[in-house]
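Here, residue 1 is the first one in the sequence, and each next residue gets the next number. Only heavy atoms go into these numbers, but all of them, side chains included; no hydrogens, no water, no symmetry mates. Whatever order the structure lists them in is the order used to number ligands and atoms, beginning at 1. All values derive from a computational prediction rather than experimental measurement.
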Amino acid sequence: MTAHGTLDAAIARMTAIISESRHVVALVGAGLSAESGIPTYRGSGGVWTKFGEPTIDGWELFQEDPAAWWEAALNPEAQLTDFARAVEGAEPNAGHIAMAALEAEGKLAHVITQNIDGLHRRAGTTQLTEIHGNRSFVRCMNCGERSLLAQIKIRQLPPLCEACGGVLKNDTVMFGEPIPEPALRECYRQAALADAFLVIGTSAVVYPAADFPVMAKRRGVPLIEINPEETALTGIADVVARATAGEVLPALVERLRT
Ligand code: NAD
Ligand code: ZN
């Protein structure tokens with residue numbers, strides 16, 4: 001059941017909206033990767049819901065002493081957190097695969113993801129903005145160039161950019177760290193281009209990400225929510241599917257094919 005009718009009716013309405021649209025944009029959150037075994041932060045079962053929110057000074061600490069940050073991050077003796085272990089063992093699930101299929105079949109123009117796990121890329125999505133970064137990448141604090149962590153040569157700590165000599169940071173956007181400008185610009189561009197907006201597995205309380213669907217909605221763009229729980233955006237959604245992304249997205253792909 002959904003707030004706006006049965007699940008089947010919601011998927012039928014989504015199908016109708018998407019088939020009439022030319023530039024569908026999706027905003028994705030941690031819920032999409034929940035079925036890959038990566039815990040969310042918020043919502044029932046969320047890491048923060050269980051253990052409380054973490055300290056929010058990561059960015060300040062990195063800026064004060066980037067070498068110390070890298071030393072801790074590269075320490076082979078350090079224990080992986082449960083969250084990091086879950087991300088390392090994760091594979092794309094039916095929801096990620098369905099999103100890649102939507103793109104390949106011309107039904108989804110762009111994905112803005114808040115996830116840092118890299119599972120969209122692995123599933124085959126290419127039109128992607130990772131607004132909070134990707135944990136497998138590093139980013140130059142000076143020129144913004146992103147490279148795979150596994151491919152950089154670490155000659156000293158902090159490691160330096162091959163192109164410009166700037167300090168490299170892990171690409172994941174830390175608490176307090178500004179969103180990199182090119183990613184932010186692309187999100188605003190997509191929010192302006194969208195003629196339908198999918199909001200999948202996000203509690204929609206992290207800004208500026210939560211703003212993009214609201215901006216589109218203000219222009220009259222239909223908003224579709226896929227989430228087993230109510231969120232900050234439910235009230236303005238035109239269609240709500242109260243089920244998991246792994247259930248809804250493959251069904252949506254199937255419907256759009258018929
Ligand atoms: P969130 O943790 O705040 O909210 C998760 C949302 O997902 C909730 O609304 C919940 O109801 C929903 N959900 C749970 N299981 C679902 C499922 N199977 N299908 C669909 N929806 C489901 O996540 P957020 O909104 O992305 O914001 C949290 C921040 O945490 C983001 O900035 C993100 O960078 C980071 N984060 C990333 C990961 C990841 O990379 N996989 C995981 C946890 C948190
Ligand atoms: Zn650089």
Side-chain angles (χ1 to χ4, degrees), residues 7 26-51 53-54 56 58 81-96 98-99 112-122 129-136 138-147 152 158-169 171-177 179-180 183 198-213 224-234 237 240-250:
L7 182 57
L27 172 70
V28 173
L32 179 66
S33 294
E35 287 159 282
S36 293
I38 303 176
T40 60
Y41 287 169
R42 304 176 185 81
S44 44
V47 196
W48 293 355
T49 313
K50 284 197 240 163
F51 305 113
E53 297 206 9
I56 51 163
T81 61
D82 288 348
F83 182 79
R85 204 170 300 121
V87 177
E88 277 183 13
E91 297 290 332
N93 66 52
H96 297 103
M99 293 195 76
I112 299 170
T113 190
Q114 299 168 85
N115 297 345
I116 50 144
D117 53 35
L119 294 179
H120 287 284
R121 287 171 188 260
R122 283 177 52 198
T129 300
E130 294 164 313
I131 186 172
H132 295 157
N134 180 322
R135 67 187 298 282
S136 303
V138 294
R139 174 165 35 88
C140 173
M141 301 313 295
N142 182 48
C143 73
E145 179 73 14
R146 295 167 85 201
S147 338
I152 60 162
L160 302 178
C161 175
E162 298 260 319
C164 80
V167 169
L168 295 179
K169 181 192 160 289
D171 186 46
T172 308
V173 176
M174 291 173 165
F175 287 101
E177 179 182 357
I179 309 271
L198 284 163
V199 184
I200 304 167
T202 177
S203 54
V205 293
V206 177
Y207 285 86
D211 257 340
F212 307 129
I224 297 166
E225 176 171 80
I226 302 174
N227 197 312
E229 292 178 34
E230 189 165 334
T231 77
L233 292 181
T234 300
V240 178
R242 273 281 164 269
T244 72
E247 288 172 80
V248 177
L249 288 166

Looking at ligand 1, would Pro39 count as a contact under a 4.0 Å heavy-atom criterion? yes
Taking [atom] as the point of reference, which of [options] owns the nearest heavy atom?
| atom | options | answer |
| --- | --- | --- |
| atom 20 (C) of ligand 1 | Gly118, Gly95, Pro228 | Pro228 |
| atom 10 (C) of ligand 1 | Asn227, Thr40, Thr234 | Asn227 |
| atom 4 (O) of ligand 1 | Gly31, Ala241, Gly37, Ser203 | Ser203 |

How far apart are the C-alpha atoms of Leu32 and Thr113, what are their side-chain angles, what is the distance that settles it, and do they pass the side-chain contact (heavy atoms from CB on, under 4.5 Å) test? CA-CA 10 Å; Leu32 179 66; Thr113 190; over 6 Å; no
What's the spacing between Thr172 OG1 and Asp117 CG if we round to 0.5 Å? 10.0 Å
From Ile179 CD1 over to Ile131 CD1, what is the distance, rounded to the nearest 0.5 angstrom? 4.5 Å
Using a 4.0 Å heavy-atom cut-off, say whether Asn115 meets ligand 1 through its side chain, its backbone, both or neither. both
Mind checking what makes salt bridge (charged side-chain N to carboxylate O under 4.0 Å, His left out) contact with Glu229, not counting sequence neighbours? none
Salt bridge (charged side-chain N to carboxylate O under 4.0 Å, His left out) against Arg146, all qualifying residues, sequence neighbours excluded: Glu130, Asp171
Taken in chain and number order and not counting sequence neighbours, the residues that satisfy side-chain hydrogen bond (donor to acceptor under 3.5 Å, both in side chains) with Ser36 are Asn93
What count do you get for protein N/O/S atoms less than 2.8 Å from the Zn ion (ligand 2)? 4
Do you know the tightest heavy-atom contact between Ile152 and Ser147? CG2-CB, 4.0 Å
